[in-house]
Amino acid sequence: MTTVQRKRTVLLRPHQTMNRAAFSHHWLTVHAALASRLPGLVRYVQNHVIRDVFCLTGRWCRHAGIAEITYANDTVLARAQSSHLGAVLLPADEQRFLSEWTGAITTPSAALDPAMPDKTVLLLNAGDDRLIDSSGVRSLRRFLPSGARIEIEPVEAHLTRMTLPADPVRPRMIVYFQGLDPDIWRNGSDLSAAVAQLVGPQGDAVAYLVDERVLLGG
């Protein structure tokens with residue numbers, strides 16, 4: 001059995017009948033009470049989107065939440081997904097407050113410091129996958145202020161929830177930042193220009209400023 005931790009990162013779009021406040025309330029209360037009971041769960045984080053701070057084409061600027069769900073290893077993750085809670089109860093609740101569900105599997109990087117402000121989640125996709133890799137994303141460090149943190153998680157596999165539509169454009173790379181002034185993402189800035197160059201003319205990118213809620217795992 002592998003001991004490498006695995007994370008499910010899920011991008012959420014609210015049900016058409018729900019405003020952002022109702023979505024956040026349901027996700028943080030009803031859904032969190034279910035999700036936190038998943039067997040083998042190591043860490044559970046909800047990122048409630050405050051606003052998008054960078055949007056390359058507009059196709060992705062529609063998510064209201066990003067969940068980070070970490071398990072001890074692949075075997076535990078598969079067991080949780082196939083459990084009654086993971087396969088029946090959670091999907092049933094998702095239909096009550098979501099219109100879209102796009103998931104990805106990554107290997108979690110070091111947890112960010114919960115005491116640092118301004119957590120931003122950057123989603124990247126390239127028209128040509130050869131254009132984007134971890135070393136290329138690490139080159140973004142030179143545009144960050146001193147003290148800011150960056151964590152990079154390449155997407156290893158994508159997930160779909162058969163009961164909900166899936167976003168046809170899925171991220172290849174998920175990048176977490178802390179300690180950034182949201183204005184650093186303004187269009188035309190060095191950072192936004194570097195991201196656009198990184199994904200290429202056929203790629204896409206969006207950065208969300210989020211309110212992080214660590215519900216399990218510190």
Which pair of heavy atoms, one from [X] and one from [Y], lies closest together, and at what distance?
X    : Y    : result
A32  : Q46  : CB-NE2, 3.6 Å
P145 : I184 : CD-CD1, 3.9 Å
P39  : V76  : O-CG1, 4.1 Å
E151 : S109 : CB-OG, 3.2 Å
L89  : L34  : O-CD1, 4.3 Å
P171 : V155 : O-CG2, 3.3 Å

Answer whether the closest heavy-atom distance between the side chains of [X] and [Y] falls below 4.5 Å.
X    : Y    : answer
L209 : P182 : yes
H48  : L28  : yes
R43  : P108 : no
F54  : V206 : no
D204 : L123 : no
R172 : V199 : no
V121 : V175 : no
Q81  : L159 : yes

Any donor-acceptor N/O pair, [X] side chain to [Y] backbone, under 3.5 Å:
X    : Y    : value
E94  : W101 : no
R142 : S139 : yes
S99  : P14  : yes

Can you measure from [atom1] ([X]) to [atom2] ([Y]) and round to the nearest 0.5 angstrom?
X    : Y    : atom1 : atom2 : value
H26  : L98  : NE2   : CG    : 8.0 Å
E100 : L11  : CD    : CG    : 8.5 Å
I50  : T120 : CD1   : OG1   : 9.0 Å
L122 : L191 : CG    : CG    : 8.0 Å
F23  : M18  : CZ    : CE    : 9.0 Å
T9   : I69  : OG1   : CD1   : 8.0 Å

Verdict with reasoning, V195 to L56, per side chain to side chain contact (heavy atoms under 4.5 Å, CB included) = CA-CA 9 Å; V195 169; L56 190 58; 5.8 Å; no
query = Picking from T70, N73, D74, what satisfies side-chain hydrogen bond (donor to acceptor under 3.5 Å, both in side chains) with R6?
reply = D74
query = Taking T107 as the fixed residue, which of E156, E153, K7 is the one that meets the side-chain hydrogen bond (donor to acceptor under 3.5 Å, both in side chains) rule?
reply = E156
key: Test side chain to side chain contact (heavy atoms under 4.5 Å, CB included) applied to I105 and L77, step by step   = CA-CA 10 Å; I105 298 291; L77 186 155; 3.7 Å; yes
inquiry  = If the threshold is 4.0 Å, N to carboxylate O, is there a salt bridge linking K119 and E68?
reply    = yes
message = Between H31 and L90, does the side chain to side chain contact (heavy atoms under 4.5 Å, CB included) criterion hold? Intermediate values first, please.
response = CA-CA 7 Å; H31 195 74; L90 281 172; 3.4 Å; yes
request  = With sequence neighbours excluded, give me every ring pair (Phe, Tyr, Trp, His ring centres under 6.0 Å) pair touching residues 139-173.
outcome  = none
inquiry  = Taking ring pair (Phe, Tyr, Trp, His ring centres under 6.0 Å) as the cut-off, I'd like each qualifying pair that reaches into residues 176-218, sequence neighbours left out, listed once.
reply    =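 Ring pair (Phe, Tyr, Trp, His ring centres under 6.0 Å) check on residues 176-218 returns H63-Y208, F177-W185.
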key: R170 and T160: CA distance, side-chain angles, deciding distance, side chain to side chain contact (heavy atoms under 4.5 Å, CB included) verdict   = CA-CA 11 Å; R170 299 175 179 178; T160 57; 2.8 Å; yes
query = Would V42 and V10 show up in the same hydrophobic cluster when neighbours are defined by side-chain heavy atoms closer than 4.5 Å?
reply = no
